[in-house]
Amino acid sequence: MQTTHPEDPTVGYPGISKLRDQMMIMDTAPKWPKKPRFRLKEPFLKEIVQAHFDKNPHAIDVNISSFSQFDALLNNFTLKYQGKPLNAICEDLGLNIKDNKGVVEKVMAKYFGSNEAKLKNVELFSKVGIIPKSITLSPNGKRTEDMKFDSVDFDEWTENETFEESAIFDYFSNHNFVFLIYEEAYKNAPLKKNKFIGFKRIMFDEDFVDRKIRDLWTTVRNLVVNNELKEEYIRLKKTGEIRYTPTTNVPMTRVNFPKSTENIAFLRGTGSDAAQKTEMVNGIRMYRQYFWLRGDFMVDLLDKIDYL
DNA sequence: AATTTTGATAGCGGAATGGA
DNA sequence: TCCATTCCGCTATCAAAATT
């Protein structure tokens, strides 16, 4: 752009917003058409502070400073293991793993040089605000599940007055997401048989965050602030009988948070079992809540992106 | 150092829904 | 009407953190 308009840097501004997902340590704000300022990405600053206090003894330094290098590292993994089932990859990496749900993450952590099970212990990821997520496609490339993200801190959610100050805004706006994409060997195949397909890296579209995530934030916030949360029994539609959970034999209940039927972004609870509902909001005891995005939306979104 | 609790990841499973 | 898909509260598992 400089070569065509060296005297007028503003002509390049629209392109800067488009370059956001290429920039690892810097970011620009606000976005086009407003005049951009440069700033350090917030997760990077946090990591610098953390490193100072040596909070992260397991972190390794793979010495990567740009996304093209990062992408290349992921591409090497893809070239080696594309189409291979998870158990074969484990074997090749020297990981002795039973059929458990932690494998997906453990494999990646190992590849990035950490023997820890958690990818968040890999400094590279936290340093530059990369959030890894795995997604499994059905044999015909459709969604198998919806996607769970972070848990909800209701104090934070209601304390902040504006969406732009909220944690969920920061989560979706200021982070890169790397998706580890797997495909089922056959319908409902066990996890370790799933084939590794590849990586995709995205930043969520500003417009999507501003509409869908803002909707979720506003709706949930209003429900809690206005004390409009309600819990009700789940009843069988045919007979009207109350449903009971299979393991704890407690009545199943629902809370009137946004559901996946009405919204791409919604809340869903999680916990050890129905007898252990630890969260308390508006006097209602409930599972710890997480925000989710619909699986079909995620698959559509990723379909538009190229593999690394 | 051993044990318990918490919480994060990823997915299960039974009922409702929808298409052929 | 049958069967596949979707919905959504619930659950298996593991490891980190807290507690003893």
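Since the model is a prediction, treat every value here as computed from it, not as a measurement. We name chains A, B, ... by the order of the sequence lines, and we start the count at 1 in each one.
Residue order along DNA chain C, read from the 5' end via each residue's closest nucleotide, puts A/R294 first among A/R294 and A/K148. Where A/D296 and A/G269 each meet DNA chain C at their nearest nucleotide, the meeting point lying more 5' is that of A/D296. Between A/R243 and A/W292, the residue anchored closer to the 5' end of DNA chain B is A/W292, taking for each the nucleotide with the nearest heavy atom.
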I'd like a table of donor-acceptor pairs (distance under 3.5 Å, sequence neighbours excluded) in which one partner is a side-chain atom from residues 154-161 of chain A, with atom names and distances.
from: A/E156; atom 1: OE2; to: A/N160; atom 2: ND2; distance (Å): 2.6
from: A/E156; atom 1: OE2; to: A/A167; atom 2: N; distance (Å): 2.8
from: A/W157; atom 1: NE1; to: A/W217; atom 2: O; distance (Å): 3.1
from: A/T158; atom 1: OG1; to: A/F154; atom 2: O; distance (Å): 2.8
from: A/T158; atom 1: OG1; to: A/D155; atom 2: O; distance (Å): 3.2
from: A/N160; atom 1: ND2; to: A/E165; atom 2: O; distance (Å): 3.4

Could you give the side-chain donor-acceptor pairs of residues 297-308 of chain A under 3.5 Å, partners two or more places apart or in another chain?
none

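Scored by the side chain to side chain contact (heavy atoms under 4.5 Å, CB included) test, A/T136 finds A/T144, A/Y182, A/E184, A/N194 as partners (sequence neighbours excluded). A search for ring-ring contact (aromatic ring centres under 6.0 Å, His included) contacts involving A/F291 returns A/Y171, A/F172, not counting sequence neighbours.
Of the possible donor and acceptor atoms, none in the side chain of A/Q82 sits under 3.5 Å from a partner among the backbone N and O of A/K80. Side-chain atoms of A/N282 do not come within 3.5 Å of backbone N or O of A/I284 as any donor-acceptor pair.
Listed by first and then second residue, the salt bridge (charged side-chain N to carboxylate O under 4.0 Å, His left out) pairs that reach into residues 221-233 of chain A are A/E232-A/R254, sequence neighbours excluded.
For the pair A/Q289 CD and B/dT9 C1', the computed distance is 17 Å after rounding to whole Å. When the P atom of B/dA10 is taken as reference, atom CZ of A/R143 falls 17 Å away, rounded to whole Å. Rounded to a whole Å, the CD atom of A/E145 is 10 Å from the C1' atom of B/dG13. A straight line from CZ of A/F297 to C1' of C/dC7 spans 19 Å, rounded to a whole angstrom. For the pair A/N263 CG and C/dC8 P, the interatomic distance rounds to 10 Å; values are reported in whole Å. Rounded to whole angstrom, the span from the CG atom of A/D153 across to the P atom of B/dA8 amounts to 11 Å. Distance, A/E279 CD to C/dG9 P: 15 Å, rounded to whole Å. Computed from coordinates, the A/D146 CG to C/dC8 P distance equals 9 Å when rounded to whole Å.
Interface residues of residues 251-258 of chain A facing DNA chain B, ordered by number: none; criterion, heavy-atom separation under 4.0 Å.
Nucleic acid contact class of A/T144 (heavy atoms, under 4.0 Å, all strands): none.
Taking a 4.5 Å side-chain heavy-atom cut-off between Ile, Leu, Val, Met, Phe, Trp and Tyr, the cluster of A/M252 extends to A/I234. Residue A/F266 shares its hydrophobic cluster (ILVMFWY side chains chained together at separations under 4.5 Å) with A/Y290, A/W292.
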Tabulate protein N/O versus nucleotide N/O from nucleotides 16-20 of chain B, keeping only pairs under 3.5 Å, one per line.
from: B/dA16; atom 1: OP1; to: A/K237; atom 2: N; distance (Å): 2.5
from: B/dT17; atom 1: OP1; to: A/K237; atom 2: NZ; distance (Å): 3.3
from: B/dT17; atom 1: OP2; to: A/K237; atom 2: NZ; distance (Å): 3.3

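Between A/T261 and C/dC7 there is no side-chain polar atom (N or O) within less than 4.0 angstrom of OP1 or OP2. Between B/dA8 and A/S151, a contact under 4.0 Å exists linking OP1 or OP2 to a side-chain N or O. Between B/dA10 and A/S134, a contact under 4.0 Å exists linking OP1 or OP2 to a side-chain N or O.
Each of B/dA8, C/dC8, B/dA15 was ranked by its minimum atom distance to the side chain of A/R288; first place goes to B/dA8. Nearest to the side-chain atoms of A/Y290 among the listed nucleotides B/dG7, C/dG9, B/dG11 stands B/dG7. Among the nucleotides C/dC7, C/dG9, B/dA15, the one closest to the side chain of A/R268 is C/dG9.
For A/N222 and A/N226, the side-chain atoms include no donor-acceptor pair closer than 3.5 Å.
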